[in-house]
Amino acid sequence: MNRLQNKVAIITGSGAGIGKEIATAYAKEGASVVIADFNEEALQSTVSELTESGYSAFGVKVNIANEEDVQKMVSSTIEHFGRIDILVNNAGVGDNMQAAANVEDDVWNRVMNINVTGVMRCIRQVLPHFEKNGSGTIVNMASLAGVMGGRGGLTYTAAKHAVVGMTKNVASHYGPLGIRSNAIAPGHVETGFSAAMNNIDPFGMKQSTRGVGMMTRAGQVTDISNIALFLASDESSLINGIVVTADGGWSAY
Ligand SMILES: NC(=O)c1ccc[n+]([C@@H]2O[C@H](COP(=O)([O-])OP(=O)(O)OC[C@H]3O[C@@H](n4cnc5c(N)ncnc54)[C@H](O)[C@@H]3O)[C@@H](O)[C@H]2O)c1
């Protein structure tokens, strides 16, 4: 029940989907949680649900691709809760499954700005606080597309590979300072993620979903929040720089 007692966690993209479930799981384990999302309505409703259940939560509207927003997210967390112990880089968007020949510049730029630059901005702003504390944990939401070649469009695949690279780089450089950085690579999880993509590239979709039947079942948000809880808690204190794949065996095929 108290695996994250007295910890303060920022979870990006926690107004909905996987991030919301991670925030709820952390709050239930005693953490104070920061609901950071660019969808104001969703973040406010998540904050209300959590506080009405007696948990400690506050919300901040942030586009993680915007440096000023990220600075505000971190400074308001310090003002509100006094410290930061955990950063979950969960916010991310899809690329409409565009195969290499069909990549559109605006899609490339949006996905890279959010899924790569946004993750870097959050890590960069939080690390000085972790260094000051002599401890801290980062959980990055990669994807099966971050460890395999053909499970998404070109841009999303490149972006999530970058997330895996950042995960390992930070673990390597900052591990000696008491800071951990790990990632989760979900296969398919039932959220609003796919529905948010429009104008899907049929060729990219067809190629990316070959072998999808090898998943024993689709993931649920709790499958991922359980892993995120383990990676944020002291139970995983010897684990640094890994990627946990959660895909129902899809990549084992
Ligand atoms: N659902 C899946 O099948 C799946 C599989 C692998 C990886 N993932 C990854 O998991 C993460 C969460 O996905 P989900 O399925 O919960 O998606 P979702 O669309 O249900 O929720 C994402 C949340 O992030 C927020 N968000 C998006 N861009 C943002 C930004 N720039 N700044 C702040 N908030 C932002 C959205 O408003 C939304 O509340 C993403 O990084 C995604 O790439 C999802």
Side-chain angles (χ1 to χ4, degrees), residues 10-25 34-47 49 59-74 87-97 107 109-122 125 138-148 151-153 155-164 166-167 183-198 205 208-209 212 215 217-225 227-228 243-248 250-251:
I10 298 175
I11 302 105
T12 67
S14 46
I18 295 169
K20 179 176 179 180
E21 191 59 32
I22 292 173
T24 306
V34 178
I35 307 303
D37 203 296
F38 66 12
N39 182 333
E40 191 152 23
E41 205 183 317
L43 85 84
Q44 290 306 349
S45 118
T46 302
V47 170
E49 278 177 43
V60 54
K61 186 177 178 192
V62 57
N63 176 359
I64 59 162
N66 180 294
E67 179 66 19
E68 274 176 31
D69 279 13
V70 172
Q71 286 178 8
K72 194 186 85 193
M73 173 183 83
V74 169
L87 168 67
V88 182
N89 277 310
N90 166 77
V93 293
D95 70 348
N96 305 341
M97 309 297 274
V107 171
N109 290 334
R110 177 167 188 264
V111 172
M112 286 296 171
N113 282 340
I114 295 175
N115 294 12
V116 181
T117 309
V119 171
M120 177 278 293
R121 290 190 192 291
C122 293
Q125 285 300 321
I138 296 169
V139 178
N140 291 325
M141 202 54 63
S143 166
L144 198 52
V147 291
M148 308 291 286
R151 304 302 207 276
T155 312
Y156 188 76
T157 302
K160 291 298 187 180
H161 272 70
V163 171
V164 169
M166 287 190 276
T167 302
I184 305 173
H188 174 63
V189 183
E190 286 178 348
T191 67
F193 185 80
S194 304
M197 288 196 277
N198 49 47
M205 177 61 121
S208 299
T209 49
V212 73
M215 275 195 294
R217 65 174 173 82
Q220 302 300 319
V221 287
T222 47
D223 291 313
I224 308 306
S225 65
I227 302 166
V243 184
V244 179
T245 300
D247 67 347
W250 189 9
S251 56

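Numbering of residues begins at 1 and proceeds along the displayed sequence. Order of listing sets the numbers, starting from 1, for every ligand and every atom in it.
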Show me the side-chain donor-acceptor pairs of residues 12-22 shorter than 3.5 Å, one per line, residues at least two apart or across chains.
| unit_1 | atom_1 | unit_2 | atom_2 | d |
| --- | --- | --- | --- | --- |
| T12 | OG1 | V88 | O | 3.4 |
| T12 | OG1 | N90 | N | 2.9 |
| T12 | OG1 | A91 | N | 2.9 |
| S14 | OG | I11 | O | 2.6 |
| S14 | OG | A36 | N | 3.2 |
| K20 | NZ | E49 | OE1 | 3.4 |
| K20 | NZ | E49 | OE2 | 3.0 |

**OP:** Go through the steps for I64 and I114 under the test side-chain contact (heavy atoms from CB on, under 4.5 Å), then give the verdict.
**Re:** CA-CA 6 Å; I64 59 162; I114 295 175; 4.1 Å; yes

Original post:
So which residues, sorted by chain and number, lie with a heavy atom under 4.0 Å of ligand 1?
Top reply: G13, A16, G17, I18, D37, F38, N39, V62, N63, I64, N90, A91, G92, V93, I114, M141, A142, S143, Y156, K160, P186, G187, H188, V189, T191, G192, F193

**OP:** Write down the atom of L43, the atom of G59, and the distance for their closest heavy-atom approach.
**Re:** CD1-CA, 3.6 Å

Original post:
Name the one of V244, T245, V139, T222 that satisfies side-chain contact (heavy atoms from CB on, under 4.5 Å) with I227?
Top reply: V244

**OP:** Decide yes or no on side-chain contact (heavy atoms from CB on, under 4.5 Å) for Q71 and E67, but give the supporting numbers first.
**Re:** CA-CA 6 Å; Q71 286 178 8; E67 179 66 19; 3.1 Å; yes

**OP:** Could you walk me through whether M148 and W250 pass side-chain contact (heavy atoms from CB on, under 4.5 Å), step by step?
**Re:** CA-CA 11 Å; M148 308 291 286; W250 189 9; over 6 Å; no

